[in-house]
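If you're wondering where the values come from, they're calculated on a predicted model, not measured in any experiment.
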Amino acid sequence: MNLTQYVDQLRQELAVAAEAGGEEARALAERLTAPLESAARLTLLKALSAAAEEITSELAPGSVDVRLRGLDPEFVVTPPPTAEPFDAEAEYAALMAVKPPTPPAPEAPDDGGTARINLRLPAHVKTRVEEAASRDGLSVNAWLVRAVSAALDQPGGGPGATAGRREARGFGGGFTGWVR
């Protein structure tokens, strides 16, 4: 039952009591209903707030707050934090599952030989490549050379290595590893 229902019940009980007193008592009860309704709401809200404070003192560090939504109060309960038991085996397994990052690819000797490749990227990918290169302070070409080199230097990298991974991972796979 919400606060409005309690106030309506109080109004009905006052009207029933006034009927026993005759016409003058009923008219007086109707005139007093509006001011009594406000006073009843305020009194009930004070009682609910006091109860919430008492519960909060017992629930600390959790809390209970009373908030008004329209004309009706609602309780907001913040439970105290619970400490999860420490599981050493799970913690050890999690640490062992973390693989160290692949070190950056060693710089290849600059023999002066280069090859030209025409690469056609979708416009949204080209924009992302340009942004990444700009963030790293590199030209797009230098950024692409480093990204490709890092991908090839990873375990399982190289010709034909990505075909099986693409089938397993589905469309939208990406590169992981170190890029300078």
Side-chain angles (χ1 to χ4, degrees), residues 1-5 41 45 48-180:
M1 189 181 281
N2 62 29
L3 191 58
T4 301
Q5 291 170 328
R41 282 184 187 279
L45 187 59
L48 292 174
S49 295
E53 284 181 31
E54 195 170 318
I55 293 169
T56 295
S57 67
E58 296 294 322
L59 191 62
S63 65
V64 176
D65 293 313
V66 179
R67 297 183 185 165
L68 280 179
R69 183 169 298 264
L71 294 176
D72 293 322
E74 70 178 29
F75 292 99
V76 178
V77 178
T78 306
T82 59
E84 295 183 22
F86 180 74
D87 185 357
E89 289 181 28
E91 191 71 23
Y92 179 74
L95 287 172
M96 295 311 293
V98 175
K99 295 179 182 163
T102 306
E107 295 293 326
D110 189 12
D111 59 2
T114 59
R116 179 175 294 273
I117 295 177
N118 288 332
L119 177 63
R120 294 188 177 155
L121 298 172
H124 70 280
V125 174
K126 178 183 179 280
T127 302
R128 291 178 61 197
V129 167
E130 289 171 341
E131 290 170 356
S134 176
R135 257 192 326 267
D136 292 345
L138 299 171
S139 68
V140 171
N141 189 56
W143 189 89
L144 285 170
V145 168
R146 286 188 180 179
V148 170
S149 296
L152 292 174
D153 289 340
Q154 284 192 2
T162 59
R165 280 187 275 159
R166 182 168 291 131
E167 290 171 9
R169 288 178 18 183
F171 180 76
F175 294 103
T176 58
W178 292 89
V179 178
R180 283 191 180 185

*Does a sphere of radius 6.0 Å around CD in Glu54 hold more than 12 heavy atoms from other residues, nucleotides or ligands, not counting ones at 6.0 Å or beyond?*
no
*Atom of Val66, atom of Ala52 and distance for their closest heavy-atom approach*: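 Closest approach of Val66 to Ala52: CG2-CB, 3.5 Å.
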_I need the minimum non-hydrogen distance between Ser139 and Ala133, along with the two atoms involved._
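Scanning both residues completely, I find the closest heavy atoms to be O-CB, 3.8 Å.
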_Side chains of Phe75 and Asp65 in contact at under 4.5 Å (non-hydrogen atoms)_ =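 In short, these two side chains do not touch, never coming nearer than 4.5 Å.
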_Salt-bridge contact Arg135-Glu131 (side-chain N to carboxylate O under 4.0 Å)_ =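 No.
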*asked:* How long is the straight-line distance from CD1 of Ile117 back to CG of Leu144, given to the nearest 0.5 Å?
replied: 10.0 Å
*Sub-3.5 Å donor-acceptor pair from the side chain of Ser134 to the main-chain atoms of Glu130, do we have one?*
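Checked: no pair found.
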